[in-house]
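Okay, structure first, notes after.
Quick note: residue numbers are just sequence positions, from 1. In this text, all values refer to a predicted model and were calculated from it rather than measured experimentally.
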Amino acid sequence: MGRVNQASHGTGPGVITPDGCAVEFYARMTAMGEPAIVHDALRPGASILELGSGTGRITHPLVALGHPVVAVDESPEMLAYVHDAETVCSRIEDLALGRPFDAVLLASHLINADPMTRTAFLAACRRHVADDGRVIIQQHPPDWFAAAADAESTRDGIIFRMRNVSRPAPNLIAATVEYVDGHQRWTQTFTATRLDETELAGALGDAGLRLERYLTDDHGWLSAAPAG
């Protein structure tokens with residue numbers, strides 16, 4: 001994945017990446033509708049640069065849908081799980097491949113990082129998207145910040161708990177997510193920054209991008225195009 005916030009950290013068995021992600025846990029995760037959203041926003045066969053790919057839970061379905069994907073992650077342990085795609089081990093903010101892509105994907109709410117990190121992530125998106133390409137971004141929907149609370153759910157036999165939810169500032173959410181699979185348990189503590197529509201437009205504009213359209217009704221997914 002990519003570094004979301006300096007406060008992010010994780011616990012549990014196996015390798016924990018610098019941003020607190022547990023490699024063994026993410027290797028068990030499957031996509032939750034993300035590939036279809038991305039695919040439907042692009043032309044068939046569009047090349048995709050996926051920033052913060054992790055173990056490939058979005059990568060692999062996109063490849064199956066006919067997209068050549070270059071998967072980027074700073075964790076070699078994460079990338080070891082990626083197959084049928086070119087992989088690049090790098091921090092997002094340091095990436096400089098020197099070639100354009102039809103689409104750049106910034107998923108996993110990476111845009112909700114602290115302002116300095118967000119600026120660096122969006123600059124990497126602009127460096128790599130073709131002038132007629134698109135940047136596909138997943139953000140925490142703005143309404144989520146008001147509604148976020150301690151909760152528990154189960155999917156594919158894995159228990160997901162969000163706990164210790166707090167609001168250290170009006171535009172911030174801090175929380176710990178706990179994942180339980182059988183006798184194994186992982187946690188990831190994070191802080192997320194809310195962006196209203198004006199702030200989002202400003203962040204995109206500073207990177208040389210413009211909001212093209214929202215891809216989902218909750219504004220959790222959006223498409224941005226190069227400005228000018």
Side-chain angles (χ1 to χ4, degrees), residues 1-4 17 19 21 26 29-75 78-79 81-113 117-141 192 195 200 203-204 207-216 218-227:
M1 306 295 285
R3 178 170 55 85
V4 175
T17 65
D19 62 348
C21 295
Y26 275 87
M29 286 281 286
T30 56
M32 296 180 286
E34 303 95 336
I37 293 171
V38 176
H39 176 70
D40 290 347
L42 303 175
R43 63 170 177 78
S47 62
I48 299 173
L49 176 67
E50 182 184 2
L51 303 178
S53 66
T55 57
R57 68 183 185 88
I58 300 176
T59 316
H60 300 141
L62 286 174
V63 171
L65 287 166
H67 297 280
V69 180
V70 175
V72 176
D73 203 284
E74 67 178 328
S75 167
M78 287 281 197
L79 290 176
Y81 286 91
V82 177
H83 54 83
D84 298 326
E86 180 183 343
T87 59
V88 177
C89 189
S90 172
R91 297 198 317 159
I92 293 171
E93 49 267 62
D94 297 334
L95 190 68
L97 297 181
R99 51 186 162 122
F101 294 81
D102 298 324
V104 178
L105 174 59
L106 188 71
S108 301
H109 313 114
L110 293 176
I111 196 172
N112 295 110
T117 304
R118 176 171 61 250
T119 296
F121 285 177
L122 289 175
C125 292
R126 183 62 188 95
R127 280 197 302 276
H128 293 92
V129 68
D131 289 340
D132 61 349
R134 295 295 180 267
V135 178
I136 307 299
I137 297 170
Q138 181 188 23
Q139 67 169 347
H140 286 296
L195 293 171
L200 173 63
L204 293 173
L209 299 167
R210 60 175 175 82
L211 176 63
E212 182 186 43
R213 62 189 175 100
Y214 290 104
L215 303 176
T216 56
D218 67 355
H219 292 190
W221 286 86
L222 60 104
S223 172

Value rounded to 0.5 Å, distance of [atom1] in [X] from [atom2] in [Y]:
X: Glu74; Y: Leu95; atom1: CD; atom2: CG; answer: 12.0 Å
X: Leu51; Y: Leu110; atom1: CG; atom2: CG; answer: 8.0 Å
X: Arg127; Y: Leu49; atom1: CZ; atom2: CG; answer: 10.5 Å
X: Cys89; Y: Leu79; atom1: SG; atom2: CG; answer: 5.5 Å
X: Ser75; Y: Asp19; atom1: OG; atom2: CG; answer: 8.5 Å
X: Ile137; Y: Ile111; atom1: CD1; atom2: CD1; answer: 4.0 Å

Is it true that a side-chain atom of [X] and a backbone atom of [Y] form a donor plus acceptor pair closer than 3.5 Å?
X: His60; Y: His83; result: yes
X: Gln139; Y: His219; result: yes
X: Thr55; Y: Tyr26; result: yes

Mind listing the closest non-hydrogen atom pair of [X] and [Y] along with its distance?
X: Ala203; Y: Arg118; value: CB-NE, 4.1 Å
X: Ala130; Y: Pro226; value: O-CG, 3.4 Å
X: Glu93; Y: Ala120; value: CB-CB, 3.6 Å
X: Asp132; Y: Arg134; value: O-NH1, 3.5 Å
X: Pro68; Y: Ala46; value: CD-O, 3.7 Å
X: Cys21; Y: Met78; value: CB-CE, 3.6 Å

Exercise for the section: I would like to know whether Asp102 and Leu42 meet side chain to side chain contact (heavy atoms under 4.5 Å, CB included); could you show each step before the answer? Expected result: CA-CA 8 Å; Asp102 298 324; Leu42 303 175; over 6 Å; no
Handout entry: Min side-chain heavy-atom separation Leu122-Leu106 under 4.5 Å
Key =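 Sidechains of Leu106 and Leu122: in contact.
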Problem - Pairwise side-chain contact, Val69 with Val82, heavy-atom cut-off 4.5 Å (strictly under) - result: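 Result no, sub-4.5 Å side-chain heavy-atom pair not found.
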Exercise for the section: Anything under 30° is parallel, anything over 60° is perpendicular, the rest tilted; go ahead and classify His67 against His39. Expected result: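 Rings of His67 and His39: perpendicular, as their planes differ by over 60°.
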Practice task
Starting from the C-alpha separation in whole Å, work towards a yes-or-no answer on side chain to side chain contact (heavy atoms under 4.5 Å, CB included) for Phe101 and Val70.
Solution key: CA-CA 9 Å; Phe101 294 81; Val70 175; 3.6 Å; yes
Handout entry: Residues Asp73, Arg91; criterion salt bridge (charged side-chain N to carboxylate O under 4.0 Å, His left out); working and verdict
Key = CA-CA 6 Å; Asp73 203 284; Arg91 297 198 317 159; over 6 Å; no
Practice task
Given side chain to side chain contact (heavy atoms under 4.5 Å, CB included), test Leu215 with Asp40 step by step and report yes or no.
Solution key: CA-CA 9 Å; Leu215 303 176; Asp40 290 347; over 6 Å; no
Practice task
Decide whether Asp218 and Thr216 meet the rule of one side-chain donor and one side-chain acceptor closer than 3.5 Å.
Solution key: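 On atom types as modelled, these side chains qualify, holding a pair under 3.5 Å.
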Practice task
Give the C-alpha distance, both sets of side-chain angles, the deciding distance and a yes or no for side chain to side chain contact (heavy atoms under 4.5 Å, CB included) between Ile136 and Ile48.
Solution key: CA-CA 10 Å; Ile136 307 299; Ile48 299 173; over 6 Å; no
